[in-house]
Amino acid sequence: MLMGTTIDNVKESKIWKGIFAVSGILITLVIYGVLQEKIMRVPYGANKEYFKYSLFLVFCNRITTSTVSAGVLLASKKALDPVAPVYKYCIISVSNILTTTCQYEALKYVSFPVQTLAKCAKMIPVMIWGTCIMQKRYKGFDYLVAFLVTLGCSIFILFPEGTDISPYSSGRENTVWGVSLMIGYLGFDGFTSTFQDKLFKGYDMEIHNQIFYTTLCSCFLSLTGLILQGHLLPAIEFAYRHNDCFLDIVLLSTVATASQFFISYTIRTFGALTFAAIMTTRQLVSIMLSCIWFSHPLSWEQLIGAVIVFGSLYAKNLLKSAPPKPIPSEQMQNRASSPVKGIP
């Protein structure tokens, strides 16, 4: 009786942890996506002014995250000293800044649904970088899923609804520049995650240690970029004139930092496979919410493309989560009775 009660308590605890992880990721990242699109594509004030300083958003996000990660390291009494050479943190930082800048800039030329679905294709550059940097080998099924995701994304981008127009261009959403920025985003993002993986495996490193030094480097680099471009004061002045824009930026930085906590918690508690399924669901919810909130029409070709992409990703997650087939008892007996070979 006591054993049954203990098992029930463990199951209930895991259910509540799952609800906490799923709701945390969905709420923070969906809000993050909506705010991204609002800041970069919706005009502010009576004069309908657009916020054009994407690097300023990167700076605000990174300074918030670095402050919080430093606080976590100090509160847990862990060392703030760098574990790896500083230049390796800087490599991740530069790649991460380019990733985020391409992401924000692309929103000027492609809609959020197009951008979000295109992010599903990040497995392709990850596989390429994984082969080049980590010497990884992938199965044929992985290449099949990558092909199907690429096909679905291509259909979604190439067949937009004609009425969905970007405020920064005179034509349809999928301008050549917008698609080029998304390709840049995918390439830099794939390199960032692969190099982070290599850093974690090469050094005994706490996740908050890497976050702190990477975001600290990003703060200095993005601040330098803002000063050289002459965008720092205009961005501050814009936020000062438009209080709603200032609040949007503060909230964007807050949810971006909070999402890092939920992502780390989910991977540590449930594993990368569960996290991948949650992120796929989050992308689907983000697209649906953006289409409703910002009135993005979808063509029937785009709906087919979305079904191909999400169907492939969910199929991959389900097949990976399937338990391995048990070895028949006869084979087990044969293995047990056979002599061990190859041992000198």
Side-chain angles (χ1 to χ4, degrees), residues 17-42 54 57-58 60-66 68-69 72 96-97 99-107 110-123 126 149 153 156 182 185-186 188-190 192-193 196 207-208 210-211 214-215 218 247-294 296 306 309-310 313-314 316-317:
K17 285 180 179 179
I19 292 171
F20 175 72
V22 172
S23 58
I25 288 177
L26 289 180
I27 290 170
T28 54
L29 291 182
V30 168
I31 292 173
Y32 178 79
V34 171
L35 286 171
Q36 257 190 140
E37 187 167 15
K38 183 175 184 288
I39 293 170
M40 297 304 299
R41 292 176 64 91
V42 176
S54 55
L57 298 180
V58 177
C60 292
N61 287 356
R62 298 304 178 265
I63 198 169
T64 304
T65 306
S66 62
V68 172
S69 58
V72 170
N96 188 254
I97 285 177
T99 299
T100 313
T101 303
C102 286
Q103 178 183 358
Y104 287 138
E105 285 294 314
L107 280 173
V110 297
S111 66
F112 182 76
V114 170
Q115 187 190 81
T116 303
L117 198 78
K119 287 179 184 179
C120 296
K122 69 168 60 178
M123 64 172 63
V126 166
V149 169
C153 289
F156 199 91
M182 282 309 303
Y185 162 81
L186 291 170
F188 289 125
D189 186 57
T192 302
S193 58
Q196 279 179 315
I207 186 169
H208 290 291
Q210 187 184 109
I211 290 173
T214 302
T215 52
S218 297
L247 293 174
D248 286 342
I249 292 172
V250 170
L251 186 56
L252 181 78
S253 300
T254 303
V255 295
T257 303
S259 67
Q260 292 297 319
F261 164 76
F262 286 111
I263 288 169
S264 301
Y265 175 81
T266 303
I267 293 173
R268 186 173 66 247
T269 308
F270 298 100
L273 187 64
T274 302
F275 171 68
I278 294 171
M279 288 300 289
T280 303
T281 305
R282 169 251 164 176
Q283 288 165 333
L284 183 58
V285 171
S286 295
I287 289 176
M288 292 171 62
L289 186 60
S290 178
C291 290
I292 295 168
W293 195 296
F294 297 102
H296 292 300
V309 170
F310 288 112
L313 292 175
Y314 278 119
K316 181 183 178 184
N317 290 332

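Everything numeric here is computed off the predicted structure, so don't read it as measured data.
- Note that OG1 of Thr101 is 9.5 Å distant from CG of Leu57, once rounded to the nearest 0.5 Å.
- What you find for Thr28 and Ile25 is that their closest heavy atoms are OG1-O, 3.3 Å.
- Here the CD1 atom belonging to Ile97 is positioned 11.5 Å from the SG atom belonging to Cys102, to the nearest 0.5 angstrom.
- Summarising the geometry, atom CD1 belonging to Ile31 is positioned 10.5 Å from atom CG belonging to Leu26; distances are rounded to the nearest 0.5 Å.
- Residue Met40 holds its CE atom at 5.5 Å from CD of Glu105, rounded to the nearest 0.5 Å.
- Judged purely by atom type and a 3.5 angstrom limit, Thr65 has no side-chain atom pairing as donor or acceptor with the backbone of Arg62.
- Taking OG1 of Thr254 as the reference point, atom CG of Asn61 lies at 9.0 Å (rounded to 0.5 Å).
- Between Thr100 and Asn96, the closest side-chain pair of non-hydrogen atoms falls below 4.5 Å.
- Interatomic distance, CD1 of Ile211 versus OG of Ser218, reported as 11.5 Å (0.5 Å rounding).
- When each of Ile249, Leu247, Leu251 is paired with Leu35, the side chain to side chain contact (heavy atoms under 4.5 Å, CB included) condition holds for Leu251 and for no other.
- Taking every heavy atom of both residues into account, Cys60 and Ile63 meet most closely at O-CG2, 3.3 Å.
- Put simply, the side chain of Ser23 gets close to the backbone of Phe20: a donor and an acceptor are under 3.5 Å apart.
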